[in-house]
K.L.:
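Structure provided below as structure tokens; questions to follow.
Residue numbers begin at 1 in each chain, while the letters A, B, ... track the order of the sequences. FYI, side chains are in, hydrogens and waters are out, and symmetry mates aren't considered; it's all heavy atoms of this structure.
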2 protein chains.
Amino acid sequence: MVAKPPKPKAAPARERERYHHGELRRGLIDAALELIGSGGPEAFTLREAARRLGVNHRAAYRHFADKETLLAAVAEQGFWALLGAAREAVGALPEATPEARLLAIGRAYVRFCAMNPAHFRVMFGARLNEGGRFPALEVPIAEAFEVLQREVASGVEAGALAAGTGPRMAALSLWSAMHGLATLIVTRRIAVRKERLASTVDTLLGPTVRGLVAKR
Amino acid sequence: MVAKPPKPKAAPARERERYHHGELRRGLIDAALELIGSGGPEAFTLREAARRLGVNHRAAYRHFADKETLLAAVAEQGFWALLGAAREAVGALPEATPEARLLAIGRAYVRFCAMNPAHFRVMFGARLNEGGRFPALEVPIAEAFEVLQREVASGVEAGALAAGTGPRMAALSLWSAMHGLATLIVTRRIAVRKERLASTVDTLLGPTVRGLVAKR
DNA sequence: ACCTGAACACCGTTCAAGT
DNA sequence: ACCTGAACACCGTTCAAGT
């Protein structure tokens, strides 16, 4: 009679070894994104994520105080990436018109959200910093809004954008439009094929950008 | 010695009586909204809702197949109410310009979402009809989009709106902007005092509406 | 016909040990 | 120091009874 393996669920020791130097933290974040990506936010459980990595679910608490802290790490990572995408978009168009630069930010924003729906859901789903528990989340958001506002302000300065009610309000207008479009695409209320994403964004954000440019 | 009441948690029989004629259904929906309103979507559990109404948690299954079905009922109710608000808004301005009528729809949409955050979260949070399980949810959404699209189309017909890429795309532009603004307000990324809501909406949706009106 | 309670398979999190 | 397993208080949902 063959001896029954004592723990059929556990990963082999060599595989577990990989999680000794912060790899587990990374692995848990990736597992969370996978689970959310395939089954929605409620499909992510600490226990299932740990199970997938072949560790005891208690091991997660070594890297994260609790489930919400893990989600905050996912969100923070996402916000920095979104900020990077926006900066890259404007950086690539140093000589373009304000209209073109604002549209480029919109394309980058919507593209990031559409391509990273799991991140998007964590970033903009529950209000993780509601109780002020994760103030670090506000940093990249504030910087991203800064990018937008600066673009608007320099457009006004150059005489290409109407001053209107000020750069803050104009930036909020554009943020609303970008964010709404991203939301409707991620929740599949607007269906867009990947290769048509950029032109769809141009079409749908066009009125808002033109409205900011229009002299009234 | 006083006899210990056998079930301290249960509501008195007379109170329970109220739930015999469909009242329990209504009560569960209201309890769900309350719980979501105060503690977010994850604060709503069938067991807690039933507990608040003084009934066994199994009683909920008499009115709803499962938790998701109860949420779908909440969402459907919300979508019809949102549609009603939009219709009322345009109905009140029979002679106004297309620009004013579109802005009025935007105000109604954002106001509904801002005043009913629990509904909003259920309606636009998880994609309840993802698997085609609740097709009834699509009816009021489609009708609401119809209202928007018809406004745009009649504005184009009257020569007051640029034809652009067609009424569908124009309506999607406006929907994105409205929805994004509503989302940012509900998630408190934009803070607005109640009495300034209408003027804030006008300011922030103004560029989009003007962009639709502009002749290019 | 309607409501209930025990039971099942899950959670997140805490506590107390194991190496 | 690090990981684990049992335990606790919750879930949603199923099953089998109670009136």
K.L.:
Under a 4.5 Å cut-off applied to non-hydrogen side-chain atoms, are Leu46(A) and His57(A) in contact?
P.N.:
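Side-chain contact under 4.5 Å: no.
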
K.L.:
Please give, in whole Å, the distance from dC2(C) P to Phe64(B) CZ?
P.N.:
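For the pair Phe64(B) CZ and dC2(C) P, the rounded distance is 15 Å.
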
K.L.:
Can you identify which nucleotide, out of dC3(C), dC11(C), dC3(D), has its nearest atom closest to the Arg62(B) side chain?
P.N.:
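So the side chain of Arg62(B) is nearest to dC3(C).
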
K.L.:
If the sugar-phosphate is the primed atoms plus P, OP1 and OP2 and the base is the rest, what is the B/S/- string for nucleotides 13-19 of chain D, using protein heavy atoms under 4.0 Å?
P.N.:
BBB----

K.L.:
Using distance alone, with no hydrogens and no angle criterion, decide if Thr69(A) and Asp66(A) have a side-chain donor and acceptor under 3.5 Å apart.
P.N.:
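A donor-acceptor contact under 3.5 Å links the two side chains.
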
K.L.:
Atom CD of Glu48(A) to atom P of dC11(D): distance rounded to whole Å?
P.N.:
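About 22 Å, once rounded to whole Å.
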
K.L.:
Taking atom CD of Glu88(B) as the centre, report whether more than 12 heavy atoms of other residues, nucleotides or ligands fall under 6.0 Å from it.
P.N.:
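No, CD of Glu88(B) has 12 or fewer neighbouring heavy atoms, counting only those of other groups under 6.0 Å.
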
K.L.:
Below 4.5 Å, heavy atoms only, C-beta onward: do Phe120(A) and Thr183(A) meet side chain to side chain?
P.N.:
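Yes, close enough: below the 4.5 Å cut-off.
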
K.L.:
Give each stem of DNA chain D as a range with a range, requiring at least 3 consecutive Watson-Crick or G-U wobble pairs whose two distances are under 3.5 Å.
P.N.:
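Stem list for DNA chain D: C:4-8 with D:12-16, C:12-16 with D:4-8.
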
K.L.:
Apply the side-chain contact (heavy atoms from CB on, under 4.5 Å) test between Leu204(B) and each candidate in Val110(B), Leu184(B), Ile190(B), Ile185(B); give the one that qualifies.
P.N.:
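Output: one option passes, namely Ile190(B).
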
K.L.:
In terms of the angle between their ring planes, are Phe124(B) and His179(B) parallel, tilted or perpendicular, with boundaries placed at 30° and 60°?
P.N.:
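Perpendicular.
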
K.L.:
Knowing that exactly one of Ile141(B), Val139(B), Val147(B) qualifies, which makes a side-chain contact (heavy atoms from CB on, under 4.5 Å) with Leu83(B)?
P.N.:
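For Leu83(B), the side-chain contact (heavy atoms from CB on, under 4.5 Å) test succeeds with only one of Ile141(B), Val139(B), Val147(B), which is Val147(B).
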
K.L.:
Heavy atoms, side chains only, cut-off 4.5 Å: are Tyr109(B) and Val201(B) in contact?
P.N.:
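Sidechains of Val201(B) and Tyr109(B): no contact.
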
K.L.:
Starting from P on dC10(D), measure out to CD on Glu42(B) and report it in whole angstrom.
P.N.:
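Result: 17 Å.
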
K.L.:
Short of 4.0 Å, heavy atom to strand atom, which residues of residues 28-36 of chain A count as contacting DNA chain D?
P.N.:
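Contacting residues: none.
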
K.L.:
Measuring to OP1 and OP2 of dC3(C), would you say a side-chain N or O of Asn56(B) lies under 4.0 angstrom away?
P.N.:
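It does not, given that no N or O in the side chain of Asn56(B) lies less than 4.0 Å from OP1 or OP2 of dC3(C).
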
K.L.:
Looking at Arg26(A) and Glu23(A), is any side-chain nitrogen of the basic one under 4.0 Å from a carboxylate oxygen of the acidic one?
P.N.:
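No, no charged N to carboxylate O under 4.0 Å.
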
K.L.:
Would a 4.5 Å heavy-atom cut-off, applied to side chains only, mark Leu148(B) and Met178(B) as touching?
P.N.:
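Leu148(B) reaches Met178(B) side chain to side chain.
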
K.L.:
Is the closest side-chain heavy-atom distance between Phe79(B) and Glu143(B) below 4.5 Å?
P.N.:
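SC-SC contact between Phe79(B) and Glu143(B) ruled out.
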
K.L.:
Once you round it to whole Å, what is the distance between C1' of dG12(C) and CZ of Arg51(A)?
P.N.:
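Taking CZ of Arg51(A) and C1' of dG12(C), I get 12 Å after rounding.
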
